[in-house]
Amino acid sequence: MLSEACLLQAAARHHLYKGWDFSQLTSFGDQAWCHLPTLKSERLRATQAQGRQGPELLFYSSGTTGAPKMVCYSLEDLGRVGELCARFARFEGVTEHSRVMVLLPMGLWTVGKITVDGHRLAGAEVFPVDLHGGIETWQRMLDLIRPTVISSTPSVLAAWAPDYKGPRLEMVETTGEPLLDSERHLIEARFGAFVHDAYGLSECVVGTECRVRDGFHYWPDATRVEVLEPYSDRPVPEGKSGELVVTSMMQEHMPILRYRSGDKGCIDQQHCACGHEGPRVHLEGRIADTLVLPRAVKLDASELTTLISAQVAGARFRYKGAPSNPAAPFVEDSFRPALEIYIPSRFTGKREGLRKEMFTALPELAELVHEQELDLYFSTGGKASSVAVSL
Amino acid sequence: MTDIRKAQQSYVSTRGPDWQGELLARLRDDSRFTQQLRGVATWGAIPLGRLVEHSLCSGSAPSSLCYFTSSSTGAPKQVAFSSRDWQQIVAHRADCLAELGLGKEHLAAVVLPFGPWFSGDNLCASLLHLGAGVLPAGLYGPHLPGVARLMANVGVNALITTPSIARNMMRFPSPHPMDKLVLVGEAVSSSIREQLADYFSTAPQCLYAASEAVLGAEVRGEPGVFHWDPDRLHLEVLTPEGRIAETGIGELLVTRRHGNAMPLLRYPLNDLVELAPDIAGGPQFRYLGRSGHGFGLATGVKVGRAQLDRFLDGITSPIHEAHFTVEHALEGDRLRIVLGGSAPLPIPNDVRSRFLASSLDVADTHRSGFLTVEVEPRTVPVRAKRYLQIMETPWRL
């Protein structure tokens, strides 16, 4: 992992941190550190594409306002992130005898690539499988691969669980979205394996669960976590909840310092019953008004409003989604999340244009509608005459 | 003098006069080749290879990364790589990309399928190896408009995709000029090359690779002719007379000089080539098309005759003739299946579902929005032998 000095030098050179004063800083967490600003996703979006340096992999991290948010990794960064993911895998019990089916979005998004890399570095035999195709395809790939471990998102595994036809697994790993207690029970019952959930963002990988499953263990040499008051840069008292703000000690190419995750939670410094020393993060939901869509897709509500109202003045939306509170009951598969767009009755243009613009700005939304994971409706003036739209 | 080094079970052979004999002797010592080399006295007597499940290769290095490739049966075959194999194939592909002029100055969008298919991941790793920037875009129809916008937003100046997808991207309103356009997965005609060159403001160049091996880069100014690296591969052809030769026209046979997890020895790729005699600048071959009857799809997926026969055999209604017509259109491929049979005729939707279920990569192409399938059953007189017709629009070889 990077040293503090190395990370700060990289940040001082990077345009993301233009105007930040690192000169008084002697170590992380000191007074000068606490006076630094925090990094918000809006800034990541606003400062994209300002010149390229050396080999880098660009991942997409959503962005509804037309300027996508991209996260850039150098080869060395990917190696360090992969090493942290390998640490997670070994911690959970993945070995060189494990056959791991990584059923996650491949390509545009970070999570698939780093999960594959992590398990490879942990010595396992890894089979990357994209999410396209749904349950029938996943089942066919499972029959071909015969994995001992599956790594995926909670919503994918919960959707698959009732139809899962395969052997008991050694372990299931989930990541990318809140794991409901009821989803965990369903997945464990149908896949016959213990579920380890992990927590991270496209911008910064954070931690994973042990067998005690009382929070996410994280490693401060790789990730630093602070808890600040939402909408301000003031720290909350120790042990109290607030917005989780993360610093990655893995990324030098595009340093991530004091990044506001939009997640609510707290830090637990007490020793875990598993015996592992080190802090844990407890997640308590989202601070930001976020739509949590299936397959680990998250959309910022205010940005979605900006997108649709830029096309159709006065347009609004309503989203009927699955619950995200961990204690909420699991919603059976007859339920499908729905995004309803209200268009003012004075609007005379074509809805097709708005639909196209939404799908161009948000390829992940296009995918969910195409794969029938999400219903998208347009209605006029909030009346019941909604029209179902499909790709 | 031949120099064959065995480094971590990897064979590297330079081309000396006796290299085949010496390499064969080395291979015979390796338990992974025992079955294929039983009774083989000379290089020429090595039988045709097949993909062996890597777990059956006793003594092989453990595989680290596994992908799938299409097979004649429709059930994908596993292609396994150890960490060292992966490094070697990435380095080989990177050298091919460098031959095509890609380098540090490029930010390349890879619009190709990622896991469980091989090409996307391998190209990304190879581009990074070269020092280029990479946007791993993937290949999924609903994403394409968003990907086109992303490419413009982040300043992509090189595009790597299949000819069909490059054509598909021509429907987007504003042309995005490229410094490099690299095509993989399908052969491409001169008229399509011209169209793409006009739209992307650069002449397309081709890279020839399969999931099992990277073959080579197109020679500048000679469309369809590829340069290959004898230090990494040994290429031969199976001539129409059934003879294995080092020059001439025939089905391409590949021996990979590295490959710990899954060795590849005289492996047929079902491609027809003309292997040229060695010339200054290195050995070359000309791609002539697929060796078996079949057709290709926009994503680079190939559907072979055996796969179609197997699909037809699985239909319970009596089928006496079948016509498969593929039309490569700008927005994707249209496949029309006309089945001639006796009553009871099959139900079109059932046949369509069965066809899509017959192969994971065909189904993937359909779900990605690049293939529509129509089925029409009709009554025809009984035939003694089933008649099969495959037609493909002419732009593709």
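Numbered from 1 within each chain, the chains take letters A, B, ... in sequence-line order.
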For B/R354, salt bridge (Lys or Arg N to Asp or Glu O under 4.0 Å) partners two or more places apart: none
Note, A/K356 side chain near B/P145 side chain (heavy atom, < 4.5 Å): no
Part of B/W117 lying under 4.5 Å from any heavy atom of chain A: neither
Pairs of heavy atoms under 4.5 Å with chain A: top-ranked of B/S368, B/A357, B/P113, B/A108: B/A357
Set of salt bridge (Lys or Arg N to Asp or Glu O under 4.0 Å) partners for B/R93, sequence neighbours left out: none
Non-hydrogen side-chain atoms of A/L368 and B/P142 separated by less than 4.5 Å: no
Chain A interface, residue from B/W86, B/Y67, B/F68 that has the most non-hydrogen pairs under 4.5 Å: B/F68
Check against side chain to side chain contact (heavy atoms under 4.5 Å, CB included), B/D364 and A/H132: CA-CA 7 Å; B/D364 202 30; A/H132 308 154; 4.2 Å; yes
Most contacts with chain A, counted as non-hydrogen pairs under 4.5 angstrom, among B/L65, B/L135, B/V110: B/L65
Minimum side-chain heavy-atom gap B/V147-A/Y60 below 4.5 Å: no
Leading residue by heavy atom contact count with chain A [cutoff under 4.5 Å; candidates B/L130, B/L144, B/L128]: B/L128
Segment of A/L57 engaging chain B (4.5 angstrom heavy-atom cut-off): both
Under 4.5 Å from any heavy atom of chain B - which part of A/V102: neither
Proximity breakdown for A/L78 and chain B, heavy-atom pairs closer than 4.5 Å: side chain
Distance (rounded to the nearest 0.5 Å) between A/L58 CG and B/C124 SG: 10.5 Å
Option in A/E96, A/M101, A/M106 with maximal non-hydrogen atom pairs under 4.5 Å from chain B: A/M106
Test item: B/R367 and A/T137 side chains (from C-beta on) under 4.5 Å apart, heavy atoms: yes
Non-hydrogen side-chain atoms of A/M141 and B/P116 separated by less than 4.5 Å: yes
Heavy-atom pair of closest approach, residues A/P363 and B/G146: CG-CA, 4.3 Å
B/L150 side chain reached by A/L108 side chain, heavy atoms, under 4.5 Å: yes
Euclidean distance, A/R120 CZ relative to B/S82 OG, rounded to 0.5 Å: 9.0 Å
Criterion side chain to side chain contact (heavy atoms under 4.5 Å, CB included) against B/H143, the qualifying member of A/E364, A/H370, A/E367: A/E367
Side chains of A/F127 and B/Q78 in contact at under 4.5 Å (non-hydrogen atoms): yes
A/V116 vs B/D121, side chain to side chain contact (heavy atoms under 4.5 Å, CB included): CA-CA, chis, key distance, verdict: CA-CA 11 Å; A/V116 167; B/D121 277 325; over 6 Å; no
